[in-house]
Amino acid sequence: MRKLHLYLLAFILCSIGLGLAYYKVTVIGLPLTASAQAEVWDIEARISFRAKSDNAIKVTLPLPLNPPGYSILDEDFVSADYGLAIEQDNTGRVAHWAKRRAQGKQLLFYRVVLFENEDAVQKPDVAPVYPKAPEYPENLAPVIQGLLDKARQQSADTVSFSQRVIEQLNAVASIPELKLLLKHINRTRNLAKNLSWILAGARIPSRIVRGLRLQDNKEYSELEHFLQVYDGKQWRSLNIKDGQEGLPPNFIVWQIDDDRVFSIEGATELSIQYTVASALQETINIAGSRSAERGFHLMDFSLYSLPVHVQNVYKVLLMIPLGALVVVFMRNIIGIRTFGTFMPVLIALAFRETELLWGVILFCLIVGLGLLLRAYVEQLKLLLVPRLAAVLTMVVLLVAGVSVVMHKLGLETGLSVALFPIVIMTMTIERMSLTWEEAGPAEAFKQVSGSLLVAIMGYLAMNINEFQYMFFAFPELLLVVLATILLLGRYSGYRLMELWRFRAFARNKP
């Protein structure tokens, strides 16, 4: 019955730990490796202008808002001593810079970092209000009506109708009667707005999409325009130059159907430059942003929400159970004797500061010298507590002396010896000397060698970078470690060392 209870408990612990880790990987998007990186796009808008003498300056710049297929990871504004206000509504976002007086050349910057996110939450398409037919100028009305009639004859639905209109406007050289319309378009509106204006004559809902193509080290002087028409179910994107359906690959939608465009008041020599660059960023940062965007707040309660200096402490602490698992395995399964359970783990942590080779050398040096001093103190016949205090004091002096000598020899690694757990060193020396007296020097060296070997194995396990990342990003995996320790705690069979010890008996067994 107890075994069933233990197995059930271990199963529950493993299920919880692995289940939470699976949720973080599949839903939140946490990577399984610390080195996992994803491509992000860095877009910078550089606004340049020359302020008129002592004039007030007002700058308006549309900003991206929930671009389809992408999410915003970070954004910055560099605006010197300009006032900045962000306006947001259902149609989009706009940045407003303002300054009462400015002189000479002025520069403003907006930077946004985007990452591709197919799961980005998008607002569902809302059926638009069908537009009323505009009142076209008398000289243009017949031309536009003829264009619409011809498109209607050559199309079968809303999208193909819009494509025929676009094709006719772009083939104006071969259609003389459209030259007057083209002249009007060039004078009063851009092509995208005029297409929307013309399609309204057929009562087709349309809107303008502005954006950029994400190409590394690319610069643009303006946003690219596309037209979207509503086919009764969804918005369909069309190229305003050839009528081809669909947005280009890696196209980021900057603005949708908003009359607020880039503008500057009170300045001359206006210009804006969009620069696009790709970079790699750790997936863990992207996962946090994606989690917040989708309304999952688990990352808000993760270890990544702690201050950085506290995170560094937990990156070490979370490795201690793994070291304890190594000790349990080496003692219960292999059969190696050690001084206590946690002393090898603490020594392994000290090896992280000194590196393994120097750590072993310093450990042997300090324990060896400490044993000599402990033998001398034994001649004084002190009580237990004063004897421990005396050994502790001498160990501290030894550590200080070793650090000074190694520093003078140019071996700076010796300075890390001060990070050794001094009290554990003292107890190790005391335990080894008592074992020496009670069981002989062979048993004492066997146990101290076993402790050192287990400490080395623990260091090798705790120093694996992937383990450090896994236990920090998925601390619930410690439940799996706990379940393993509980199962090993019920093992009562032969240790491997015992099988080796009784090998002769096994050979002679009939």
Side-chain angles (χ1 to χ4, degrees), residues 1-22 24 303 313-352 363 421 423-425 427-428 430-432 434-435 438-439 443-464 466-503 505-506:
M1 190 65 181
R2 289 184 178 179
K3 278 190 175 182
L4 179 61
H5 180 200
L6 177 65
Y7 293 152
L8 181 61
L9 177 60
F11 175 76
I12 293 174
L13 292 174
C14 289
S15 299
I16 294 174
L18 295 175
L20 283 174
Y22 179 79
K24 286 184 176 180
L303 295 174
V313 173
Y314 276 100
K315 286 179 180 178
V316 176
L317 289 179
L318 290 173
M319 299 306 295
I320 293 179
L322 180 62
L325 175 61
V326 172
V327 174
V328 171
F329 178 81
M330 296 295 286
R331 285 174 62 98
N332 286 30
I333 305 300
I334 305 299
I336 296 178
R337 299 178 184 178
T338 64
F339 288 134
T341 302
F342 299 107
M343 188 270 290
V345 178
L346 295 176
I347 294 177
L349 290 176
F351 288 166
R352 288 164 56 91
F363 175 83
V423 175
I424 297 300
M425 286 291 205
M427 295 301 297
T428 301
E430 180 68 16
R431 286 283 300 275
M432 185 174 180
L434 291 176
T435 304
E438 296 172 358
E443 181 64 21
F445 278 108
K446 184 181 296 184
Q447 291 193 26
V448 76
S449 300
S451 298
L452 185 58
L453 175 61
V454 173
I456 293 173
M457 298 298 293
Y459 164 82
L460 294 176
M462 292 189 291
N463 208 44
I464 298 175
E466 293 304 323
F467 282 170
Q468 295 176 14
Y469 167 77
M470 288 287 288
F471 285 114
F472 189 80
F474 307 96
E476 57 274 5
L477 292 179
L478 290 179
L479 295 177
V480 180
V481 174
L482 175 59
T484 306
I485 292 175
L486 294 177
L487 293 175
L488 290 177
R490 291 285 297 181
Y491 178 75
S492 58
Y494 285 105
R495 276 68 166 167
L496 294 181
M497 297 292 290
E498 292 174 339
L499 294 176
W500 173 259
R501 178 183 174 188
F502 296 111
R503 64 189 184 282
F505 176 77

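Quick caveat, the model's predicted, so the values are computed rather than measured.
- Counted within 6.0 Å of OH on Y469, heavy atoms from surrounding residues, nucleotides or ligands total more than 12; the atom is thus considered enclosed.
- The line from CD1 of I12 to OH of Y7 is 15.0 Å long, rounded to the nearest 0.5 Å.
- Of all the heavy atoms in I347 and F363, the pair that sits closest is CD1-CE1, 3.2 Å.
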Check: residues 447-455 side-chain donor-acceptor pairs under 3.5 Å, at least two apart:
unit_1, atom_1, unit_2, atom_2, d
Q447, NE2, E443, OE2, 3.0
S449, OG, F445, O, 2.6
S451, OG, F339, N, 2.8
S451, OG, Q447, O, 2.9

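- Counting heavy-atom neighbours within 6.0 Å of M457 CE, excluding the residue itself, gives a total of 12 or less.
- Closest non-hydrogen pair, F472 versus L318, comes out as CA-CD1, 3.9 Å.
- A pairwise comparison of heavy atoms in V345 and A324 identifies CG2-N, 3.8 Å as the closest pair.
- Contact check for I456 versus L460: side-chain heavy atoms found under the 4.5 Å cut-off.
- The shortest non-hydrogen separation linking L479 to G17 is CD1-N, 4.0 Å.
- A 4.5 Å side-chain heavy-atom check between F474 and L20 finds every atom pair outside the cut-off.
- Using a distance-only test at 3.5 Å, with no hydrogens or angles considered, a donor-acceptor pair links the side chain of Q468 to the main chain of M462.
- Taking all atoms of both residues into account, the shortest heavy-atom contact from P344 to V327 is CB-CG2, 4.2 Å.
- Summarising the geometry of A473 relative to K24, their closest heavy-atom pair is O-NZ, 3.2 Å, with the distance given to 0.1 Å.
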Decide yes or no on side-chain contact (heavy atoms from CB on, under 4.5 Å) for L478 and L482, but give the supporting numbers first. CA-CA 6 Å; L478 290 179; L482 175 59; over 6 Å; no

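- Partner I485 forms a side chain to side chain contact (heavy atoms under 4.5 Å, CB included) with one of N332, V480, L325 and no other, that one being L325.
- Although no hydrogens or angles enter the test, the distance criterion places no donor-acceptor pair under 3.5 Å between the side chain of K3 and the main chain of R490.
- Crowding of Y22 atom OH: a count of heavy atoms from other residues, nucleotides or ligands under 6.0 Å not exceeding 12.
- One distance of note links CG of L477 with CG of L13; it measures 12.5 Å at 0.5 Å rounding.
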